[in-house]
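Start at 1 and go down the list; that is how both ligands and their atoms are numbered. All of these numbers come straight from a predicted model, not from anything done at the bench.
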Amino acid sequence: MPPPVFRFAPSPNGLLHLGHARSALLNVDLARASGGRFLLRIEDIDATRCRPDYEQAIYEDLAWLGLVWEQPVRRQSEHLALYRDAIARLTQEGLLYPAFESRADIARLVAERERAGPWPRDPDGAPLYPGHSGQLSRAERERRRLSGAPYALRLDMAAAMARAGDLVWEELGSGPDGETGKVAARPAQWGDVILARKDTPTSYHLSVVIDDALQGVTHVVRGQDLFHATAVHRLLQALLGLPPPLYRHHPLVLDDLGHKLSKSTHATALRDLRAAGMTPAQLRQLVGLTAI
Ligand code: GLU
C-alpha cells in the first residue's frame, strides 16, 4: 500500500491565521501518525489578489511552526495550461457555457427576481446565477465572444448532474450540521458555478480537484467552511474521471464573537502572535491540538 498523502493548500492573498495553523498542523499530525506524506501547495490562480510577499510569509510562518513539507512546492499559477485543457474538455462535452452578464447585471437580475419572492442563495450566501446565457444559441454565443465581450464559463449544473448521476463522498470529519460518513453530494445548491473566466482559465473548484488527483492526495483535511464546496468537487471529479480522496473537515477557529477568522484580522495572524512572543507549542494548544 502506498503511504497516504496529505496536503495544506493556502492561497497567498493574506497572512496565515490561527485557522490555517489548525489545518496545517492537523494535516502534519495525521500524516505523521499514519506514515504518510505531507505536501504544501500554493493556490495562487487569482493574480489580482495573490502576492509574492504573502507566499514568502506562508513559508516562514509554517517553518516557524515546525512544519516540514516536500519539495518542490506546487504553485498553481505555473500550471494554467493543464487547467485550460480540462476546461476545453468540459466545453467540448457541452457542459460549460459562456455567461456574459457583468456583476452589476447579475445584481440587477437578482433584485428583479427578489421582487417576486426570495431568490435561492448558495451555502456561502451568494445568490445563485439568475441569468439566461445558457439558453443563447450557439451563433449568438459566438457573435458575443468574437465581439470581445468579457464572459465567465459556467457549469451547466443540470446537464452535469444528469451526466454524473448520484454522488457521495466519504467524510471522516464532519460538516457544520454534523454530517459524517457517506455524505450525499448536493452540487445543485451552488447553481451554475463559474469554472473559468475569459482571462483566467480556471477557478478554485477546478484547480483544486485536478491538483489533488495529480498529486495523489488521498486525504483532504481542511476547515468546515469548505464542506459544502466538496459537492462541486465531487461532481467535477466524476466529470473528469478523477479518483475522489477521503475528506476530513474540521471545525473552524472562531474569534471571541464567534465569527470566522479573516485574513485581514491582524490579532490572529501567526506572524503577529509570534512577534508578541507566543511559542509554536502555545499556538498548538491555542488551536486545540495537543503536542505530539
Ligand atoms: N486555497 C483554499 C483556501 O485557502 C483551500 C483549498 C482547500 O483546502 O481545498 O481557502
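- Contact atoms of ligand 1 toward Val208: 9 (O) (distance under 4.0 Å to a heavy atom of the residue).
- Between His233 and ligand 1 there is no heavy-atom distance shorter than 4.0 Å.
- Neither the backbone nor the side chain of Phe8 has any atom closer than 4.0 Å to an atom of ligand 1 (non-hydrogen atoms only).
- Residues His233 and Tyr204 bring their aromatic ring centres within 6.0 Å.
- The nearest heavy-atom contact from the protein to atom 10 (O) of ligand 1 is Leu226 CD1, 4.4 Å.
- Neither the backbone nor the side chain of His249 comes within 4.0 Å of ligand 1, counting heavy atoms alone.
- Separation of the Phe6 and Trp69 ring centroids does not fall under the 6.0 Å cut-off.
- Atom-to-atom distance recorded for His20:NE2 and Ile58:CD1 is 7.5 Å, nearest 0.5 angstrom.
- To the nearest 0.5 Å, atoms NE2 (His249) and CD (Glu179) are separated by 10.5 Å.
- For ligand 1, the atoms lying closer than 4.0 Å to a non-hydrogen atom of Glu43 are 1 (N), 2 (C), 5 (C), 6 (C).
- Every atom of ligand 1 with a heavy atom of Arg7 under 4.0 Å away is listed here by number and element: 7 (C), 8 (O), 9 (O).
- Summary of contacts: the protein heavy atom closest to atom 5 (C) of ligand 1 is Ala9 O, 3.4 Å.
- No hydrogens or angles considered: a donor-acceptor pair under 3.5 Å links the side chains of Glu101 and Ser133.
- Cation-pi geometry between Arg234 and Trp169 is not met at under 6.0 angstrom from the ring centre and within 45 degrees of the axis.
- Atoms of ligand 1 lying under 4.0 Å from any heavy atom of Arg222, numbered from 1 in the order shown and given with element: 7 (C), 8 (O), 9 (O).
- Checking each of Asp29, Leu172, Asn27 against Val221 for a side-chain contact (heavy atoms from CB on, under 4.5 Å) leaves exactly one that passes, namely Asn27.
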